[in-house]
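By convention in this document, chain letters (A, B, ...) are assigned in the order of the sequence lines, proteins followed by strands, and residues within each chain are numbered from 1. Remember, it's a predicted structure, so these values are computed and weren't measured experimentally. Computed from heavy atoms alone, side chains included, the values below leave out hydrogens, waters and symmetry copies.
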Amino acid sequence: MLAQLRAAFVSLFALTVITGIAYPLLVTGIAHAAFPSQASGSLIVKDGKPVGSHLVGQPFDDLRYFWGRLSATADANGKPLPYNGAASTGSNLGPTNPALLDEVKGRLDALKAAGPENDAPIPVDLVTSSASGLDPDITPAAAAYQVRRVARARGVDEARVRALVAAHTEGRRLGVLGEPRVNVLELNLALDEL
Amino acid sequence: MSWQGWFQIAALLVVVVAAVKPLGAYMARVYEGEPVLLERALGWLERLIYRACGVPRDAEKREMTWTAYAVAMLLFNVTGIVVVYGVLRLQALLPLNPDGMAAVGPDLSWNTAVSFVTNTNWQSYGGETTMSYFAQTVALAVQNFVCAASGMAVMVALVRGIARRTTSTLGNFWVDLVRSTLYVLLPLSIVVAVLFVSQGVVQTFSGAHHVALLQATKDATGATVTDQVLAVGPVASQEAIKQLGTNGGGFFNANAAHPFENPTPLSNFLSIFALLVIPAALTYTFGKMVKDTRQGWAVLAAMFVVFLPLLYLAVTQEQGGTPALASLHVDQAASALQAGGNMEGKEVRFGISASGAYATATTAVSCGAVNSMHDSFTPLGGFVPLFLIQLGEVIFGGVGAGMYGMLMFAIVSVFVAGLMVGRTPEYVGKKIEAKEMKMASLTILVPCASILIFTAIAVATEAGRKGPQNPGPHGFSEILYAFSSATGNNGSAFGGISANTPFYNTTLGLAMYFGRFFIKIPVLALAGALAQKKIVPAGAGTLPTHTPLFVAMLVGVILIVGALTFIPALALGPFVEQLLAKA
């Protein structure tokens, strides 16, 4: 029994050194040699300053920008702070929870107020919270829905905005994996360059 | 759903099945002690560990009886609990804590230690707000490796019990543990981790990034926020073993929905593959070790027979969308421009197909990683992961744990068949008698009792009823899911439940402990009993256990046990919610 207890401690120590220290260091070494940008967060750098990550969304409610998914993240005090990259979470609202309906209706009203002339049905991803609260993408349908509003707010031709959306639409990986999507932050950064 | 949505699911299953034979045969070599290529690189390390642990050089002298094997396994796991608990309590004093995480409280530390040692990875905490890099890599990720290896070891001991004749020994726990880690989990993890980084999974020891927001926003107090804090960390290395070891504990709170943990559809495909591949391949390892690979294929077939219809149900229910939104001016229909469906708690890059497939796979396997929030699934879409856990985590199941759980059901199945024709049941040449049946029944009944009794306690007490976030039957489902997940060592959640309370941390910790060790010990006892038996040659009255008839029998037993035990409880949760949603 005592010999077994010693074996338990020794083996856990040895396997900790291998899998808890050597392994993550080895992966970190390979990662930074082969994929330095990805390994540190795929940051977008503008004029030498990090202005976001290609992979993480940011909150938008200005008429001049495309809006992303709803985000249920909160600050350290538990108060709502959308797209808080330090505390990811979904809303966890169940399908029959009245709070889900309130959330959806709130976004519906905001979108309608922002673009009253648009009476198309609103794509579902624009009125629901993402799983991470940090979803960087919207569907091409959600981008198309917002083109007119953004173009009008910026006083540019709708066709130019539509072309920009098309240029920022990413298809399925290898033609089949995942879903087509538009990266909201990248699109909005490009809008500012117009 | 688009044809691409179905195609990617089909492609995934094809790739998994294609890997079963090569990986399964390789693992059989690892456990039979045959030389493998990696020994040339790591053999010295393996021998060094044995010497330090006092494992005899002589293969004969290494052999352990089932009791010695069980004692070694328990001591190793209890040591793990103590070490993880200690690290979490002391993390504020330990290095690699750039974001200044405070010490973890006692009840949460207990819950988390048990959680990671039992391969559950239930998380009452959010990773990026609670754990230092030291705790993540040196305490939690180490257990991701070794508790998976410990599950594989017990499965191998059981298979040896079936394959060997008239002996009292089952192999050596330390050898099985070390070989599982060094020759199976570690090399696969390195490959998968690097592939993850190529997709954008972060891997760094620096602290969180502060980046400028393009459009400043306001917080709840009305103050202007101009910066975004991006938590990072050594994620890829942990993500790889979290999937391969069917652990499932996310580096971040949002788990594999977080863009730094699962950034692209390709990383998602790889994640699902990684969590399915070892449990699936172990069926072949089993067949190889009992020298009849048809036995392994039959078990794999039974797993697929249960898995596929439930996968279909989950995906189609989620694609159907949320009934409550049907009356609003919202477009939930699939088209070329959107996946449509129920997008609450899902990520756009995954849509419905890759989220539904992930949810089904992660709960069939006792992984518990999530790329979408199961709590926000439609009632029947959320029923699927819950029911898969309640079936005993045997449809693929955890690495090792799924296979030994499935073999328990196989033994019960031959017993039921034996009763029908009045003959002594046999499984793979071994007579199944009273002791074996007692042990097999225990492994099936203990989790059922744990899930239902703990759920009953929670709904009957004030502390338990405070947990759910959602009202009505969905709140009940949150509690039922929590204890199913803990007992089944799955670790996923209907995440709205506030489980970081002394009540839930303690009870869920106990449920995880029962669900792991009160199964492993009877399994080893059964293995010890089987090893002592002679091999009976198959006769005219033997029920062949590699035929479609047996597969149907096995599936029938699994579904009947699961349904009879849990349908009353499920009726109070997902089923009544479905009726309400449609009303």
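- Residue A:L26 touches chain B through its side chain alone, counting heavy-atom pairs closer than 4.5 Å.
- Neither the backbone nor the side chain of B:I497 comes within less than 4.5 Å of any heavy atom in chain A.
- Rounded to the nearest 0.5 angstrom, B:Q215 CD and A:D62 CG are separated by 4.5 Å.
- When heavy atoms are compared at a cutoff of 4.5 Å, B:Q228 approaches chain A solely by way of its side chain, counted from C-beta outward.
- Of the N and O atoms on the side chains of B:Q469 and A:N97, not one donor lies less than 3.5 Å from an acceptor on the other residue.
- Side-chain contact between B:E347 and A:S132 is present, with at least one heavy-atom pair separated by less than 4.5 Å.
- Remark: the backbone N or O of A:P50 is not paired with any side-chain donor or acceptor of B:H210 at under 3.5 angstrom.
- Using a 4.5 Å cut-off between heavy atoms, B:V83 contacts chain A through its side chain alone, with no backbone atom that close.
- When each of A:L81, A:I21, A:V127, A:L108 is scored by its heavy-atom pairs under 4.5 Å with chain B, the top score falls to A:L108.
- To the nearest 0.5 angstrom, B:I352 atom CD1 is 8.0 Å from A:E179 atom CD.
- Note that the CG atom of B:L325 and the CD1 atom of A:I122 stand 11.5 Å from one another [nearest 0.5 Å].
- Between B:W3 and A:V176, the closest side-chain pair of non-hydrogen atoms falls below 4.5 Å.
- When every heavy atom of B:N470 is checked against every heavy atom of A:G94, the shortest pair comes out as OD1-N, 2.8 Å.
- Once rounded to the nearest 0.5 Å, the distance linking CZ of A:R172 with CZ of B:F7 reads 12.0 Å.
- Using a 4.5 Å cut-off on side-chain heavy atoms (C-beta onward), A:L43 and B:V211 make contact.
- Between chain B and the residues A:S53, A:A34, A:S42, the largest count of heavy-atom pairs under 4.5 Å involves A:S53.
- B:N371 touches chain A through its backbone: at least one of N, CA, C or O sits under 4.5 Å from a heavy atom, while the side chain does not.
- Interface residue B:S189: backbone and side-chain heavy atoms are both found under 4.5 Å from chain A.
- The distance from atom CG of B:L230 to atom CG of A:L134, rounded to the nearest 0.5 Å, is 8.0 Å.
- Interface summary for chain A: among B:P234, B:G5, B:G495, the most heavy-atom pairs under 4.5 angstrom belong to B:G495.
- Closest approach of B:Q338 to A:P123, counting heavy atoms only: OE1-CB, 3.4 Å.
- Contact tally against chain B (heavy-atom pairs below 4.5 Å) for A:P180, A:G133, A:A87: the top residue is A:A87.
- You'll find the side chain of B:N342 stays beyond 4.5 Å of the side chain of A:P95, heavy atoms only.
- The two residues B:S237 and A:Y23 come nearest to each other via the heavy atoms O-OH, 2.6 Å.
- The backbone N or O of A:L177 sits nowhere less than 3.5 Å from a side-chain atom of B:Q4 that would complete a donor-acceptor pair.
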> Can B:L182 and A:I18 be said to form a side-chain contact (heavy atoms from CB on, under 4.5 Å), step by step?
Replying inline: CA-CA 9 Å; B:L182 289 187; A:I18 296 167; 4.1 Å; yes
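- Taking chain B as the reference chain and counting heavy-atom pairs below 4.5 Å, the highest number among A:R69, A:K46, A:H54 is found for A:R69.
- A:P80 touches chain B through backbone and side chain together, each having a heavy atom under 4.5 Å away.
- For the pair B:D331 and A:Y145, the minimum side-chain heavy-atom distance is 4.5 Å or more.
- Only the backbone of A:A120 comes within less than 4.5 Å of a heavy atom of chain B; no side-chain atom from C-beta onward does.
- Between B:I241 and A:T19, the closest side-chain pair of non-hydrogen atoms is not below 4.5 Å.
- For B:D219 (side chain) and A:P82 (main-chain N/O), no donor-acceptor pair under 3.5 Å exists by modelled atom type.
- A:F35 places a side-chain heavy atom less than 4.5 Å from the side chain of B:V194.
- Not one N or O on the side chain of A:Q58 forms a donor-acceptor pair closer than 3.5 Å with the backbone of B:L213.
- Side-chain atoms of B:S376 come within 3.5 Å of backbone atoms of A:L93 as a donor-acceptor pair (strictly under, hydrogens ignored).
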>> For B:F494 and A:N92: C-alpha separation, side-chain torsions, deciding distance, then whether side-chain contact (heavy atoms from CB on, under 4.5 Å) applies.
In response: CA-CA 7 Å; B:F494 271 12; A:N92 283 313; over 6 Å; no
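- Residues A:A7 and B:C53 approach most closely at CB-O, 3.5 Å, considering heavy atoms.
- Looking at B:L45, only its side chain comes within 4.5 Å of chain A, counting heavy atoms on both sides.
- For the pair B:V202 and A:S40, the tightest heavy-atom approach, listed with the atom from each and the gap, is CG1-C, 4.2 Å.
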> When you look at B:L214 and A:F60, which way does the side-chain contact (heavy atoms from CB on, under 4.5 Å) test go after all the steps?
Replying inline: CA-CA 8 Å; B:L214 181 55; A:F60 292 102; 3.8 Å; yes
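- The CG atom of A:L55 sits 10.0 Å away from atom NE2 of B:H258, with the distance rounded to the nearest 0.5 Å.
- Residue A:Y83 touches chain B through both its backbone and its side chain, counting heavy-atom pairs closer than 4.5 Å.
- Heavy-atom neighbours of chain B within the stretch residues 186-194 of chain A, taken at a separation under 4.5 angstrom, comprise A:N188, A:L189, A:D192.
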>> Please determine whether side-chain contact (heavy atoms from CB on, under 4.5 Å) holds for the pair A:Q4 and B:W174, giving the CA-CA distance in whole Å, both sets of side-chain angles, and the decisive distance to 0.1 Å.
In response: CA-CA 10 Å; A:Q4 298 281 47; B:W174 308 111; 3.0 Å; yes
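- In this structure, A:R6 contributes its side chain and B:A52 its backbone to a donor-acceptor pair below 3.5 Å.
- Between the side chains of A:Q38 and B:S198, no donor-acceptor pair is found at a separation under 3.5 Å.
- Not one N or O on the side chain of B:E344 forms a donor-acceptor pair closer than 3.5 Å with the backbone of A:S130.
- Of the two parts of B:V78, neither the backbone nor the side chain holds a non-hydrogen atom closer than 4.5 Å to a non-hydrogen atom of chain A.
- Only the backbone of B:T378 comes within contact range of chain A, with at least one heavy atom under 4.5 Å from a heavy atom of that chain.
- With hydrogens and angles disregarded, a donor-acceptor distance shorter than 3.5 Å links the side chain of B:N253 to the backbone of A:S88.
- When atom types are taken as modelled, the side chain of B:Q8 and the backbone of A:G178 share a donor-acceptor pair closer than 3.5 angstrom.
- Annotation: side-chain contact (heavy atoms from CB on, under 4.5 Å) contacts of B:T264 (sequence neighbours excluded): A:R173, B:Q199, B:L266, B:S267.
- For A:E170, no part lies near chain B; criterion is any non-hydrogen pair under 4.5 Å.
- Contacts with chain B were tallied for A:L174, A:L25, A:V56; A:V56 has the most, counting heavy-atom pairs under 4.5 Å.
- Under the 3.5 Å distance criterion, the side-chain polar atoms of A:D135 are matched with a main-chain donor or acceptor of B:V348.
- Within the 4.5 Å cutoff, no side-chain heavy atoms of A:P24 are placed close to those of B:Q136.
- The heavy-atom pair separating A:A14 from B:I49 by the smallest distance is CB-CG1, 4.0 Å.
- Of the listed residues (A:K79, A:E103, A:K112), the one with the most heavy-atom contacts under 4.5 Å to chain B is A:E103.
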